[in-house]
Structure formats: C-alpha cells, structure tokens
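Written below as structure tokens is the structure these notes are about.
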Amino acid sequence: MNAIEVHDLKKNYRIVRKEPGIAGSLKHLISPRYEELSAVKGITFQIPQGESVAFLGANGAGKSTTIKMLTGIMQPSGGTIKVMGKDPFSDRIRNAKKIGVVFGQKTQLWWDIPVAETFRLLKKIYEIPEEQYRKNMEKFSNILGLQEFMDQPARKLSLGQRVRADLAAALVHDPPILFLDEPTIGIDVAVKQKIYGFLKEINRERKTTILLTSHDMKDLESLCDRLIILEKGEILFDDPMDRLFEIYGEGLSLEEIIIELFEHRRVS
Amino acid sequence: MKKYLAYLRCGFLDGCAYRQYFITGMLANFIQAVVLFFVWKSIFHYQEVISGYTWEIMKQYVFVSFLCNSIFSMGFEMDAAERIIKGDIILDLLKPVSYRTMLFFRMLGTAGMEFAVTFVLVGGIYLCINGVQYLDFFRTVLFLIALLMGMGIKFCLQYLFSLLCFYTDNAYGVSKARETLTNFFSGALVPLAMFPGILREAVNFLPFRGIVYTPCCIFIGFFSIRECIFNIFLQFIWILVLGGLGTLLGKKAFSVISMYGG
Amino acid sequence: MKALGKNVILYFAFQKQNIKTLLQYRGDFLMMIVFTLFSQGCSLGLIYIIYSNIPQVGGWTMWEICLLYGFLLFSEGFINFFFQGAWKVTNMIYMSDLDRFLTRPVSVGLQLLTAKIDFEGLNKMVIAAALLGIGIGKCEIHWTVFKGICFLVFLGEACVIRLCMIWIASCMSFWMKSKSNSLNYFVISLGEMAKYPLAIYPPVFQGIFGYLIPYAFVSYYPVGCILEKEGMAAGAACTPLVCLVMAAAAYLVLKRGLRRYESTSH
C-alpha cells in the first residue's frame, strides 16, 4: 500500500505587483495587478509505506511548498494528494493524527513552557494512551538525551537541543509518516549523527515512512533509500539513491548534479 | 545642527514607515471625537447653553481639540522603552549628541507626517461643518503658536514618562497611562470649563491644559487677546518647568544604567 | 459530542499553560491593575462630567448609560481573559505560526483563541460587574425571573457578538498579507459609539455601526429591553439570531481564509 500518492500536484502563489512610492500604492488600490508564480508545476509520485525518501533541491525549488501541502497546511492549486488514503487539506484533523512534522526553521514546541509540559500537552492533544506515552518518552529520552533540558522552556534551548525535542514531539504519538523539512539546518556534526541514527532506527523498527527535505546531499546518503530532486517546481530525478551514483559517480556536489541533470533533462 | 536635521529626516521617514500605527491611533481618537460630536448635538438639542458653550462653539471645539490632540500623539515611550530594556540605549548615549535633543528632532520629523495627515482630514471636516465664517487671521496665528507650545509640553511629558521605563518593563502600560491622562485632563474630550467644582480649579494648575484646551480656546475665541497672551506665557513656563524636571530625572535614571552593568 | 468534550479539556489545558507562562514573565501585575482602574476611571469620569451639566442624553439617564457601559466593558474583558488569542491572529498569520497549529489534530480556531491570555480582562470584568450592579440598583427595574434570565443571556450574547467581530476583523489578514491589520482595533474602538444610545446618531451611522457591524445588539437593544424602553423588545428578540449569523460568519471566514493561507515565512 502506498502511504503517499501525489498526482499532478500544483501550487501557484499570487504575488502583488506594486510600483514603489505613494503613487504606486494608490495605483494598486484602484487597479491591483497580480502575478502568478508557480512554485510547484504538476508533480506526480508515490511513496510506499516504510520507505525513506529525500527531497533535494536548491532554495526555492518547491520542496517546502510540497511538504506544506502534504501536511495539510496549504491547499494545492491543482492536482490530488492522498496521505494514507485521505486528502490532507480537507481531512486535516484526521490526517494530523497520522503524521509527525518537524520544521528545522521553526519549532513546534510551545515557546514559553518547559519541554516536559509540552509533552504532557501533546499527550492530551493526540489522546495517547498512558502505556504508549510512557514507553515512547523513555525511549526518546535515552536516545536523544532529552532529560538534560526537560525542565527548560523551548526559548532557552540551543538549536541542537530544540531539534531533538522537536523530533521527539513529532514521534510521540507513533505516526506512520514523518515529515522533516530541513531538520538539520545549522546543526553541528555530532548532533546530526545522533539524529540520523535515531531516524534510521525508527524507520527500521516501526516501518515509519520518512519524507525529508534538505539541500545538503551528504547527510542523506546513509539514511534515505530513494531520492527525488526538485528544480523550479519540477521533478528532475526520482530513483533509488544508488542510481544517482551509478550515473554520476561519487564525490559530486548537489549543485554539480543539478547542473548535469539540467543539461540532460530527466536522465532516467 | 546638521546632524539634528538628519534626525529630523529620520523621524519623518520613521513616521511614514509606521504610519499605520499612527493612523490606527488617530482613528480611535477620531471615533471618540465623532461620538462626542453626536452626544453634544443631542444634548444641545434640549439645552442651548452649557457652561457658556453653545452648539455653534461646540461644533468647532470638538474638531479643533481633536486636531491638537492628534498631533505629536505617536509617543516614543514604547520605542524608547524597548531600547532601554534591550540595553540599546547605551548606543544612543554614546553618540556625540544630546539624547533628549535627538529624541526631540526625531519626534518633530514624525510630527511633520502626522500634521500633514491630520491637518488635511480635520481641516476638511471642519470646513464642511463650520465653513470659513469663524476664521480670523490674527487668532489663527496665535492658535498656531499655542499649538506649537502645546507640542512642546507634550514632548516634555512623553520624555518624563519614557524615563519611567527605566524602572518598569510595562512600556505599553506607561504609554497608555500617559495617553489617558493627557486625553482626560487636557480638555481633549470635554472643555475644561465643564468640569465640576474643585476639579475645574485643579486642572488649571496642571500642565495638560496647555496641550489642547489653550489652543482650542484661542481658536474659537473663548479667550480675550489678553488671556491668549497670558495662556501662551503659561505654556512657556510649563515647558521650562517640565524640561527642568526631565533633566533632573534623566540624570537620575541614566545612572541606573551603570547599575545594570551593561 | 466526544469532540466537544475533547475541545473543552484542551481549552483548559492550553489556558493553564498560558497562565503559567504569564507567571514566568511576571510583569508588574499591580501596575497593570492600577492602569486599568485609572483608564476606566477616566472614561467613566467623562460620562460623569457630561451628566453633571445635563440630566440626560437622548432620553437616557446616567445610570442607564452605566448599564450600556457595563455591557461593553464586560464583553471586552471577557474576550481579553478567555479568548485573547483572537487579537493575535494577525501576527500569527504574518509570522507563519499557523503552520504549527495546522499540523496538530485540533481545530485551528481553538488553538488560535487560546494562544494568549490577558489578566487585564479579569480586572475589566470586575469593574464592569460593579458598574452593572450599581446601574441596576439605581435604575428601578421591575425584575421578574424571566427578565433575570434574559439579562444573563444578553450579557453572554454581547460577548459572543463582540468576539466574532474581532475574530472576523483579525481574519481579514488572510487576505491582506501585511504585518499588522488595524481592522480589529478599529472594530473594538467603535465600541465607544455603543456607550451612548444609538438613537443620537444619524441614520447612516446607525446603519453601518449599529447593524452592519452589529453593535446595536451588543448593548443598545438588550439594555433598552431590560429597562423596558419603547421599541426595544423586537431588537432584543433578534439578538440570538445576530449571534448565530456572526458565529457562522466567523466560522466561514476562518475556513475560507485557511484556503488562502500561504505560510510564507518572515
């Protein structure tokens, strides 16, 4: 069974075209001019349960937009999405129970309350049974070392601590799918290793489907089975990780691969 | 002098950038003015003269008082407080300009923007309702002088209140309190002549009347020329007193900074 | 029914955390109380001064005006204390803080409404209750059990209508995409008008600020009905309907707004 099915997914943003100055503002008031900017231009893919997939792409390639549509945050402009058989936007609440989300740029934790309280709130929000909650917390604390900052509010955590806590918060309700949007941005190597080790274990043990975006390729080699490269809202490459190296050999950076891919337009 | 002009320009641009806050604040005051306009209208329907005011005078008073109250209303307490709480004020104090003079010129720049907006709006409504029949050149000049003096008093008060932020981190509360105090005791809402008994005597000994009531009375001809001159002189005295107080308290407050041990 | 139960439990769980947060920052509570007392004192002083010169405004005495004032202040305080999050919607949209709410299996409305708490609201409600008490004492109202119930229902409806007004105004940010949105502030400032009987305003004003933005049903009709003034009963009878319409509008605005939500970070 496919955990995620995406068909011809599109997202357009409407951007205001406004000339500078007061005259421009007035003109805009009378006859506003908009410009359509398409961030995602009709992409199609399926992800089976238990697979770990990396979304790769430069800034503005449409990775975050895609993730935001898959998690039900934004409504697509066109196409269909099925996450565990349901449309994530119109069935948002039911979808939210089945997914865990980590945004590297922004914490999901409550800013001002101690991390321990956050988890207690999450237990209520997701209606997690006591037994499952206790077991998960124990496990996460051990692997991610949460206990050293459990009584601190999120605003006082370091970036590395924050992402670890965010990760635990995204998994505490045992979601079958985990979305990670640039989870390791700005994090030192030691913590990165810890996080990827943890993700690998979760993926193997619980068969959690993992969908991860990044623009740093090196991180992903060890974790992900499959690679989807996006560029300007289109899929350039969608194959098992190994295939990329078969074609281009090791040691190429993402930028170099994208340039190569552009020249050949859809290798596979 | 040149550097102060730079601050003036900076204040004007600030004012333009934050015009939304100004317009929001002004809108609230404007609604208040409109409400009072209709309240008075319904009152004067039953009673022709109240404490020496007729409906004809009141019609002018409501809008002129709104004009006086709106200009210079975008206080800098919040901004100053933020700088104080974050410790950025040290940067201001390190510059080779007087802190208060710098604030004054920035405010003046902002007031330029406020004045333009308010003047067009209120002037338009005033003329619609009252026409030009009450305008008198000499009085208008005196009115503008009194208005300028009133702005001076307002600045001194805002400066004093902003110093409070050295002692509390509730900047919003401080700025709100200053606004409420000014609105009530300056005559922005009700002509001070209508205050009952002792309160009417008491407000004459407060600086607030110089902000709205004095220029208003000059404009609508409630004061004789002699009274006008006397009241402008009184405004001047208040600026000196409040300015001196500001210097004194400023010295005290700035010494707190070293205690924080920045 | 089960969903409702869960929402109620979560409401209290969220608010409990908000209170804890507030205690953490612990600004000057005392100072805040003094400020509120002071500014309300000034507002009431204005009414007192007006009435010290004349016996009535638009056929209403000072104590009757006190009741209008009490209704408005109570609803304002109620929102500040229980649903202050309605004020934060604009900022949350601009900062894309909504992302966080949208990935949780709880209604976005509930999460937004409980995003903040403001103790000043408690203070306002106490002042309002005192005003209502004094007003009722001085107004010679012929009380019946039915009227008593009506009074409480009206007060509740005033809170709901006003909450919806702020909510709708705040949600306009989904369409405006600017950092701040003064509409909610404008709507709350209009409450100033409702402190005096609607009849003193010209018809255009009445239409826009009494019915289109339904302030007439927040204080004017309910209080008029309690005081048994002429022609108030019909308006008062409409308040539940207005409540429903406003609540439906508030629901729709959020639903439509979320469709436009673009989650562009700033």
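So that the names make sense, note that chain A is the first sequence line, chain B the second, and so on, each numbered from 1. Since this is a predicted model, take the numbers as computed values, not measurements. Every heavy atom of this structure was used, including side-chain atoms; hydrogens, water molecules and symmetry mates were not.
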Need one label for [X]: side chain, backbone, both or neither, based on atoms under 4.5 Å from any heavy atom in chain B.
X        : value
C:Ser39  : both
C:Phe209 : neither
C:Tyr185 : side chain

Open item on the list: What verdict does the side chain to side chain contact (heavy atoms under 4.5 Å, CB included) test give for B:Phe38 and C:Tyr196, after you've listed the backbone C-alpha separation in whole Å, the side-chain angles of each residue and the deciding distance to 0.1 Å?
Closed with: CA-CA 10 Å; B:Phe38 289 113; C:Tyr196 300 93; over 6 Å; no
Open item on the list: Is it the case that the side chain of C:Asn53 and the backbone of B:Ser51 share a donor-acceptor pair, with hydrogens and angles ignored and the cut-off at 3.5 Å?
Closed with: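 No, because the side chain of C:Asn53 does not come within donor-acceptor range (under 3.5 Å) of the backbone of B:Ser51.
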Task: side chain to side chain contact (heavy atoms under 4.5 Å, CB included) evaluation trace for B:Ile31 with C:Met193 - done: CA-CA 8 Å; B:Ile31 291 170; C:Met193 295 203 140; 4.2 Å; yes
TODO: Name the member of C:Gly45, C:Ser52, C:Pro197, C:Pro202 that forms the most heavy-atom pairs with chain B at distances under 4.5 Å.
DONE: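 Of the candidates given, the most pairs with chain B belong to C:Pro202.
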TODO: Look at C:Glu192, C:Glu120, C:Gln56 and state which one has the largest set of heavy-atom pairs under 4.5 Å with chain B.
DONE: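 Most heavy-atom pairs under 4.5 Å with chain B: C:Glu192.
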Open item on the list: Is B:Leu36 in contact with chain C via its backbone, its side chain, both, or neither, using a 4.5 Å heavy-atom distance?
Closed with: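 Just its side chain gets close to chain C.
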Working to the nearest 0.5 Å, report the span between [atom1] of [X] and [atom2] of [Y].
X        : Y        : atom1 : atom2 : answer
C:Ile47  : B:Leu189 : CD1   : CG    : 11.0 Å
C:Leu190 : B:Gln32  : CG    : CD    : 12.0 Å
B:Phe195 : C:Leu46  : CZ    : CG    : 8.0 Å

Open item on the list: I'd like to check C:Tyr201 versus B:Val34 (side-chain heavy atoms, cut-off strictly below 4.5 Å). Are they in contact?
Closed with: no
Open item on the list: Are B:Phe184 and C:Ile49 packed together at the side-chain level, in the sense that at least one heavy-atom pair is separated by less than 4.5 angstrom?
Closed with: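 The answer is yes, as the side chains (C-beta and beyond) meet within the 4.5 Å cut-off.
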Open item on the list: With a sphere of 6.0 Å drawn around NZ of B:Lys41, does it hold more than 12 non-hydrogen atoms of other residues, nucleotides or ligands?
Closed with: no
- [ ] Decide if atom OH of C:Tyr48 counts as having more than 12 heavy atoms of other residues, nucleotides or ligands within a radius under 6.0 Å.
- [x] no
Open item on the list: If I compare all heavy atoms of C:Val57 with all of B:Ser42, which pair ends up nearest, and what's the gap?
Closed with: CG1-OG, 3.5 Å
Open item on the list: Please give me the minimum heavy-atom distance between B:Ala177 and C:Phe38, naming the atom from each residue.
Closed with: O-CE2, 3.9 Å
